[in-house]
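These notes concern the structure reproduced below.
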Amino acid sequence: MPQFNPTPAHPVVDHVHGTAADGTRLQAVYLEQSAANVAVALIFAGDELPRIVHWGRPLPAAGRGEWLPNLYDASKPQRVSGALDETPWPSVLPTQAESWTGASRFEVSRDGVELFCRFAVRRITTDIINTVDISTVNTGDTAAVAVIAEDADQGVRLRWTCELLPSGLVRQRADVSNIGDGVLQIGRVELGFPVPSVATEILTTTGHHLRERSPQRQSFTIGRFAKASMVGRPDFDASLLLSAGVPGFGFEHGEVYAVHTAWSGNSVLSAERTPYTTGVIGGGEVLFGGEIALEPIADTVSDEVEAGAKTDTTTGERTTAAHGGPAADPWEPRRSYRTPWVYGSYGDGLNEVAARFHALLRAQHPNLSTKPRPVILNTWEAVYFDHDFDTLAALADKAVEVGVERFVVDDGWFGSRRDDTSGLGDWRISQEVWPDGPKSLKALAEYVHGKGMEFGLWFEPEMVNPDSDVAREHPDWLLAAVPGRGAAAGSHGAAAGSQGSAGSAARLPMQGRSQQVLDLTNPDAWRYVFDAIDGLIGELGIDYIKWDHNKLVTEAASPYGGRPAVHRQTEAVYAMWKALKANHPGLELESCSSGGGRVDLGILEYADRIWASDCVDPVERVDIQRYTSLLVPPEMIGEHVGASPAHSTHRPTSQRMRMATAFFGHLGVEWNLLKEPQGAIDELARWIAEFKKHREWFAIDTLVYADTGDPAIRLDGVVKPDRSAAIYRFTQLTTSATYPAAPVHVPGLKPEATYLIQPVPVNVDLGGGWNSAAGGGELEAAANGQTPLGWWTAEGIRLPGAALASYGLRMPSLHPANAVLFWAIEV
């Protein structure tokens, strides 16, 4: 259970001066969030960039003003033979000027010549600020430090900001400005968090479509390990977190440090050690050559740089007009570059690390608790492209019958989009499928609203089919591998030095899923998409948008700007999401990207939920959801009950397994209920009704995973903040070496309290569950025990939390690919 109070206390900021044993002038900054049980200490030696000398539990207050600077002498390494005069001791942005000999983490150039910067700190400011993120939601009092540093000889200024948030997350970012002559090209700005020597093991995730977030572990050896995402989004293989900790750290135990890059474009997470240092973990955006070029500004610590703290918290560049549209052309000259936030989370086990991210996202999205998550029915796996009014109206009737509250029409409603090869990008309602009149899409939206449900619609605004009107009419609106030079490139392309002769055709990137990428950095393309969506929201009364992003963004150059465009494309998407929400208060957006291809804190500042995977097979979903929830709270993860066999894997599973696996998340249905027997419909309705009794908890509960010695089982739960109650899910994925499976300990409860342990009523009976694949709706048994399990009754059993957390509780003996729910209620 996370070791922090969910009610934030006033943060602590100490800024003291001192002198090192060798006479070096020191400044020490200490940031603490006592309620979050975490603190960070920084040392500034002379005019050097800060070094993190403590990141963990709060340090004693007594005498801190006196001994805090001593952390410098306690940590600074001695000179050793065969090296430079200063042994490497990495700052938050190490360079060779401070004797860093690892991979370059700060790369800038002027006139094609790389610069070797040595930054001198000019100003340090500390404060307690009231943090307001992009969503304009107040997320609480934050302890902050900001630094202005310069390399005057090279003409580069750096503004580095570090914040310790109420949740205990620490985040840092940098603004780079050009104070020299000529254009400054930005290559890499990769911020780092040094970690202590006990962190010798790394956990990341890998994956592919339909198998996202698969964990992998390795030793934190000397050298560099990096997970880069280079397809214009984090992608399936992205590691939401890179975690480094003590050997064998798990969900419940083991000191662990984790980082995340809050950016929806190209990015990297890395871990690195050299023979001279302990590990550094961190990350940043990955830029293509020439993607960011900075014009000079005045050679002073200007108001422009200082004002950076008050601009967009992710990009620091252009905000969005309230009525939609970028405030300025994205290709206008820039004078500063702001990195994404790089977040760090510390904890005793991954449960605590994850809880800090969950607290941040919940603070940014108060609607998660004030508006309990509506149960969704999405039409994709129900009807695919086979749209018509009568079928979807009948499906809406079935949706109401089982308790659905939001009905979402997926792909196939627009243009010539009868399959995935044409029409994408033509955002007008298809008269062929949805003719004006009593059977129009508007009529369906009104029918859905009349049934008391919200109406949602699918879009994929960033992509087009080459076989579409928009691609034929505006070929210059497509991102290109080699952008052609014609009227479209104009002064932007010429100024940027785009390749090709005037009037030449653009070579397009390799196609994927019959798609190319629309250049949203072109203001005309941006305006076309925005106006189309904005108008349809008003016309149809759209409450919810499922926003997809299917093609890998490769060889992405803008014909309009004449440069690589992933950075500006990402900004353009943020701008559109922000503008749509500003124009339509209450509109909710889902980040879907072939499933879980775009999950990050950049998009999650706007997104109200994510689609974790296109695979709804519950056996696969168990770990997809588990490792996605290291970053995302479960109520923001779309978790749907699908058909059996699953469309993606053809694996048959029980309805109980499918419903239990989706129970803690943003519950939905991805299933053609018109083809199901009434018994299955009634069973689904019972589970949805049970979910609704608890979903208000789920938006504030702490998610916990148990560490088990049996790889065949999983135990996870949601625990009330005061630990007075919890619901747990036990899953038997495969057969266990022990038969029946050994007892499992139950985490998160108060050791001294006594709890009533009972099966959740919908699954007291383990002998019945509808399996529609087995003959059209027959009852099947989930359990294989041949005698009753003593406590698995409606009456349950009473046990102290201490007993449940030690030798634990015997679970029902289940067939593989089955799951059950039980709860613990303090008595």
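Hydrogens, waters and symmetry mates are skipped; everything else that's a heavy atom, side chains included, is used.
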Q: Examine R173 relative to W160 and say whether NZ or CZ is less than 6.0 Å from the centre of the six-membered ring and inside a 45° cone about the ring axis.
A: no
Q: Specify the closest pair of heavy atoms between I129 and A144, including all atoms of both residues, with the distance to one decimal.
A: CD1-CB, 4.0 Å
(Q) Assess whether a salt bridge exists between K227 and D237, defined as any Lys/Arg side-chain N lying under 4.0 Å from an Asp/Glu carboxylate O. (A) yes
Q: Keeping the roles fixed (side chain from H260, backbone from L240), state whether a donor-acceptor pair exists under 3.5 Å.
A: yes
Q) Which pair of non-hydrogen atoms, one from G182 and one from P296, has the smallest distance, and what is that distance? A) O-CG, 3.6 Å
(Q) By the salt bridge (charged side-chain N to carboxylate O under 4.0 Å, His left out) test, which pairs, at least two apart or in different chains, include something from residues 12-27? (A) D14-R64
Q) Any idea which heavy atoms bring D600 and A262 closest together, and the distance? A) OD1-C, 4.2 Å
Q. Within the side chain of S591, is there an N or O that forms a donor-acceptor pair under 3.5 Å with the backbone of A607?
A. no
Q: Could you check whether the rings of W263 and Y574 sit parallel, tilted or perpendicular, using 30° and 60° as the cut-offs?
A: perpendicular
Q) Are side-chain heavy atoms of S214 and T205 found at a separation under 4.5 Å? A) no
Q. Among all residues two or more places apart in sequence or in another chain, which pass the side-chain hydrogen bond (donor to acceptor under 3.5 Å, both in side chains) test with S239?
A. none
**Q.** Y72 backbone acceptor or donor facing S75 side chain under 3.5 Å
**A.** no
Q) Looking at N178, I297, V176, which one forms a side-chain contact (heavy atoms from CB on, under 4.5 Å) with R157? A) I297
Q) Is the Lys NZ or Arg CZ of R122 less than 6.0 Å from the centre of F119's six-membered ring, within 45° of the axis? A) no
Q: Return yes if some donor-acceptor pair links the side-chain N/O of D151 with the main-chain N/O of Q154 below 3.5 Å, else return no.
A: yes
Q) Are the side chain of R110 and the backbone N or O of G155 linked by a donor-acceptor pair below 3.5 Å? A) yes
Q: Check A174 against L158 and note the closest heavy-atom contact, atom names and distance.
A: CB-CD1, 3.7 Å
Q) Are the side chain of D348 and the backbone N or O of H253 linked by a donor-acceptor pair below 3.5 Å? A) no
Q | Test item: R213 side-chain N/O and S629 main-chain N/O as donor-acceptor pair under 3.5 Å | A | no
Q. Is the F251 ring parallel, tilted or perpendicular to the Y627 ring (thresholds 30°, 60°)?
A. tilted
Q: Would you check if there is a donor-acceptor pair between the side chains of S593 and R233 at a distance under 3.5 Å?
A: yes
**Q.** Sequence-distant partners of V286, side-chain contact (heavy atoms from CB on, under 4.5 Å), two or more places apart
**A.** M230, N266, V268
(Q) So that I can tick it off, tell me whether E86 and K76 are bridged by a salt bridge, with the cut-off set at under 4.0 angstrom between side-chain N and carboxylate O. (A) yes
Q | Exam field: side chain R273 to backbone V280, donor-acceptor pair closer than 3.5 Å | A | no
Throw together a table of side-chain donor-acceptor distances under 3.5 angstrom for residues 287-295, partners on residues two or more places apart or in other chains.
from	atom 1	to	atom 2	distance (Å)
E291	OE1	F288	N	2.8
E291	OE2	V566	N	3.0
E291	OE2	H567	N	2.6

Q.
Taking R57 first and then E352, would you say they form a salt bridge - that is, a charged N and a carboxylate O separated by under 4.0 Å?
A. yes
Q. Centres of the F236 and H208 rings: under 6.0 Å?
A. no
Q. So does R362 have more than 12 non-hydrogen atoms from other groups sitting under 6.0 Å from CZ?
A. yes
Q: Would you name the heavy atoms of L703 and P634 that are closest together and state the gap between them?
A: CD2-CD, 4.0 Å
**Q.** Considering all heavy atoms, the nearest G602-S264 contact
**A.** C-OG, 3.9 Å
Q | L184/Y337 under side-chain contact (heavy atoms from CB on, under 4.5 Å): CA gap, chis, key distance, verdict | A | CA-CA 10 Å; L184 182 71; Y337 163 70; over 6 Å; no
Q | Any pair counted as salt bridge (charged side-chain N to carboxylate O under 4.0 Å, His left out), so long as it reaches residues 184-204, sequence neighbours left out | A | R105-E190, E107-R188, R188-E190, E190-R224, E201-R217
Q.
If you apply the rule salt bridge (Lys or Arg N to Asp or Glu O under 4.0 Å), what do you find for R714 with D623, and how did you get there?
A. CA-CA 9 Å; R714 304 287 188 274; D623 281 344; 2.8 Å; yes
Q) Is T278 reaching over with its side chain to a backbone N or O of V195, donor-acceptor style, under 3.5 angstrom? A) yes
Q) Hey, are the side chains of L630 and V353 touching, using non-hydrogen atoms and a 4.5 Å cut-off? A) no
Q) With a 4.0 Å cut-off, would you call D47 and R118 a salt bridge? A) yes
**Q.** Distance flag, aromatic centroids of W100 and F106, threshold under 6.0 Å
**A.** no
Q: From the options V38, L164, V259, select the one residue that forms a side-chain contact (heavy atoms from CB on, under 4.5 Å) with V170.
A: L164
Q) Among all residues two or more places apart in sequence or in another chain, which pass the salt bridge (charged side-chain N to carboxylate O under 4.0 Å, His left out) test with D153? A) none
